[in-house]
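All remarks here apply to the structure that follows.
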Protein chains: 2
Amino acid sequence: MDGTASRALKTRIARRPRERGVDRVLKLFSCLQAKGGPVRLAELPHMLDAPKSTIYDLVNILAEAGLLEIRGKDSQIYFGKMMHLYGTSYLQANEIMARGREMVDVLARETGETSEFCIRHRGKQVIIHARPGSRPLRISSEIGSRIPLPWTASGRLMLSHMSLAEIDSILGPEDRAMPDGSPVDIGKFAAECQASRNMPLVKTVGMINNFTQCLAAPVTNAYGLVEATICFVLPIDVPAEKKRALEARLVKASGELSLMNTESGQAG
Amino acid sequence: MDGTASRALKTRIARRPRERGVDRVLKLFSCLQAKGGPVRLAELPHMLDAPKSTIYDLVNILAEAGLLEIRGKDSQIYFGKMMHLYGTSYLQANEIMARGREMVDVLARETGETSEFCIRHRGKQVIIHARPGSRPLRISSEIGSRIPLPWTASGRLMLSHMSLAEIDSILGPEDRAMPDGSPVDIGKFAAECQASRNMPLVKTVGMINNFTQCLAAPVTNAYGLVEATICFVLPIDVPAEKKRALEARLVKASGELSLMNTESGQAG
DNA sequence: TTGCATAGTCTTATATTTTGGACTATGTTC
DNA sequence: GAACATAGTCCAAAATATAAGACTATGCAA
């Protein structure tokens, strides 16, 4: 009506005067996850930059459904029992994830090193299970923490089957800078991803910080796609021999987890 | 405007011409949970009695957010990785639930009997973790299955702190009939609930069917409220001595799980 | 008690989501 | 290849959810 781009504007640009309930809900979940613990209901509208009436309405609906819980006289909000139940259902339907979690526990116990199980969500890797090693050094690997894919070995594995265009479309603006702020060269990064295709193990040394290195191995589904990675996070100065042993152990773990059904090898 | 009950009608009666996105999402989750596994996307509008366009739209949004996953060329829909992550966050914030799950595993291993961990959701109990016993008999205790509260010992415990009015408001129409179809006497049921208050153990024999009995013990939070129950599901003919031993074990487990902080005894 | 701050409820209008249904795409059968 | 079945996309209109903000409730301080 008013110009050339009226349709385009309509899609998703600029924060519109009103936002969809579902979108608000997704942001709410994401926010709670980021916080890592209960948040006061009265604080949520501010945190989400959303109207009070909307948030009170939605939270009540979600709490009624058991996806959220409201606790105490100051109405602390956090995930609810149904969220847990649905999450459990996911695990039951995805054998690979359930076994990955267990494997992390086994590896950490066996080796004493910090072990993680990671998946991809959009342009980031998400740690869905982790077990700290017995070393004093505490490496920041909280469950749920998100790291841009270009920062990690895991990230390269999880993108290894994708084209440059796909990779480019997946990375958000905030995923295109390295920890030191320097921009990611997408072409080079995509090449690294593709180079890691079918590799049993990828290592990055000092990429996130100067004190740690990471060993990552792919966990593939029945179609041969990398669904997750299993990793060790190690201090930079691990003795060479120990490192070699850890690498071998990780590759073995990866192989045990991966579902490489020969029959479905050419199904995808 | 048009009569006495216009406000009341506006609230939730009759399926309105349109339904809210959030409500559709909740029904979708519930439906997937009930199915217990992936459902074809094209089938969902029919299953949910919802318009195609709406479901396709919502599913895409939820899949993009990682709460659902779309798999294969026939677009199988099921819960996604983020659902699992959020569910895990719930567990981390609710120590009691995490320990309850572990305890079920311990009890089942130790005794060889079917053990369950249950919570309440509206007028039903929901099994959030279960471990089948070593007996041949398979009792229907799938994780996620829902049973009306009046059918179980657990149900009585979980309502034990409530008044008749509260109990009445919680039970939906479908929760007011026993397995044999006979209606529940709410007054009598509420009395039974209140009688189970502070009981370390409640038993029901042959209530759901004639072949099983159930032992249930309360798991209370820091405020002394019953947040969950831990149970044994046994065949009707367990030797008396064995039964006594199981009862004792369950009470012990219940005590270990329950958080009865003396300091917060009068906080609620 | 008054005044102030924080929390939560309720109402009404408008901006937008939901919806029906037409349309396209894909695959299967004859 | 035509006819059909199934799956998925797109559009414009109507119905209603979101949002703004007034309002009430609660708690605390002076």
Side-chain angles (χ1 to χ4, degrees), chain A residues 1-3 5-29 31 38-65 67-78 267-268, chain B residues 1-2 5-29 31 38-65 68-78 267-268:
Chain A
M1 303 293 182
D2 54 11
S6 72
R7 170 76 53 73
L9 279 171
K10 219 177 169 184
T11 48
R12 293 254 158 182
I13 305 173
R15 99 179 121 197
R16 291 165 301 173
R18 287 166 145 209
E19 201 155 343
R20 217 139 103 113
V22 185
D23 286 340
R24 292 247 121 105
V25 168
L26 296 179
K27 281 186 187 153
L28 168 52
F29 288 167
C31 168
V39 174
R40 275 181 307 120
L41 173 51
E43 208 176 350
L44 276 175
H46 185 244
M47 290 177 66
L48 296 166
D49 189 25
K52 223 172 18 163
S53 43
T54 303
I55 297 301
Y56 274 77
D57 185 30
L58 291 174
V59 166
N60 282 329
I61 290 173
L62 294 169
E64 176 72 12
L67 286 175
L68 297 182
E69 270 170 29
I70 307 177
R71 286 253 172 106
K73 66 170 186 173
D74 56 345
S75 299
Q76 299 270 356
I77 305 300
Y78 204 55
Chain B
M1 301 300 180
D2 54 11
S6 73
R7 170 76 53 73
L9 279 172
K10 218 179 169 184
T11 48
R12 296 254 158 183
I13 305 174
R15 99 178 120 198
R16 292 165 299 173
R18 289 168 143 211
E19 201 154 343
R20 213 136 101 114
V22 184
D23 286 340
R24 292 247 120 106
V25 168
L26 297 179
K27 281 187 186 153
L28 168 51
F29 289 166
C31 168
V39 174
R40 274 183 307 119
L41 173 51
E43 208 176 351
L44 276 175
H46 184 243
M47 290 177 67
L48 296 165
D49 189 25
K52 227 177 6 168
S53 42
T54 303
I55 296 302
Y56 274 77
D57 185 30
L58 291 174
V59 166
N60 282 328
I61 291 174
L62 294 169
E64 176 72 11
L68 298 181
E69 270 171 29
I70 307 177
R71 286 254 172 106
K73 65 171 187 174
D74 56 344
S75 299
Q76 298 271 356
I77 305 299
Y78 205 54

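A note on names: the letters A, B, ... follow the listed sequences, proteins ahead of strands, and every chain is numbered from 1.
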Is any side-chain N of the basic residue among Asp57(B) and Arg20(A) closer than 4.0 Å to the acidic one's carboxylate O? yes
Would you mind reading off the distance between Ile55(B) atom CD1 and dT19(C) atom C1', rounded to a whole angstrom? 12 Å
Classify the side chain of Arg18(B) and the base of dT17(C) as holding, or not holding, a donor-acceptor pair under 3.5 Å. yes
Nearest-Å distance for atom pair CG/P, residues Asp57(B) and dT16(C): 15 Å
Terminal axis angle for the helix from dT1(C)-dA30(D) to dC30(C)-dG1(D), five pairs an end, nearest 10 degrees: 30°
Measuring to OP1 and OP2 of dT19(C), would you say a side-chain N or O of Arg24(B) lies under 4.0 angstrom away? yes
In whole angstroms, how far is the C1' atom of dT6(C) from the CG atom of Leu44(A)? 15 Å
Considering non-hydrogen atoms only, spot the tightest contact between Gly21(B) and Val22(A) and give its length. C-CG2, 4.1 Å
For the residue pair Ile70(B) and Asn60(B), establish whether any side-chain heavy-atom pair is separated by less than 4.5 Å. yes
Which of dT18(C), dA19(D), dG20(C) is nearest the side chain of Pro51(A)? It is dA19(D)
Let me know the distance between NE2 of His46(B) and C1' of dT19(C), rounded to the nearest Å. 18 Å
Please determine which of Leu58(A), Leu48(A), Val59(A) meets the side chain to side chain contact (heavy atoms under 4.5 Å, CB included) test together with Arg24(A). Leu58(A)
Flag side-chain contact, heavy atom, 4.5 Å: Val25(A) against Val25(B): no
Looking at every non-hydrogen atom in both residues, tell me the closest pair between Ala42(A) and Pro45(A) and how far apart they are. O-CD, 3.5 Å
Heavy-atom closest pair (Arg40(B) atom, Gln76(B) atom, distance to 0.1 Å) is N-OE1, 3.9 Å
Mind checking the NZ-CG spacing from Lys27(B) to Asp49(B)? Nearest 0.5 Å is all I need. 8.5 Å
Which atom pairs link the protein and nucleotides 6-9 of chain D when you take only N or O atoms and keep those under 3.5 Å?
{"from": "dA7(D)", "atom 1": "OP1", "to": "Arg40(B)", "atom 2": "NH1", "distance (Å)": "2.5"}
{"from": "dG8(D)", "atom 1": "OP1", "to": "Ser75(B)", "atom 2": "OG", "distance (Å)": "2.8"}
{"from": "dG8(D)", "atom 1": "OP2", "to": "Tyr56(B)", "atom 2": "OH", "distance (Å)": "2.7"}
{"from": "dG8(D)", "atom 1": "N7", "to": "Lys52(B)", "atom 2": "NZ", "distance (Å)": "3.2"}
{"from": "dG8(D)", "atom 1": "O6", "to": "Lys52(B)", "atom 2": "NZ", "distance (Å)": "2.7"}

Heavy-atom donor-acceptor pair, Arg20(A) side-chain to dA17(D) base, under 3.5 Å: no
May I ask you to test the Leu44(A)-Leu28(A) pair for a side-chain heavy-atom distance under 4.5 Å? yes
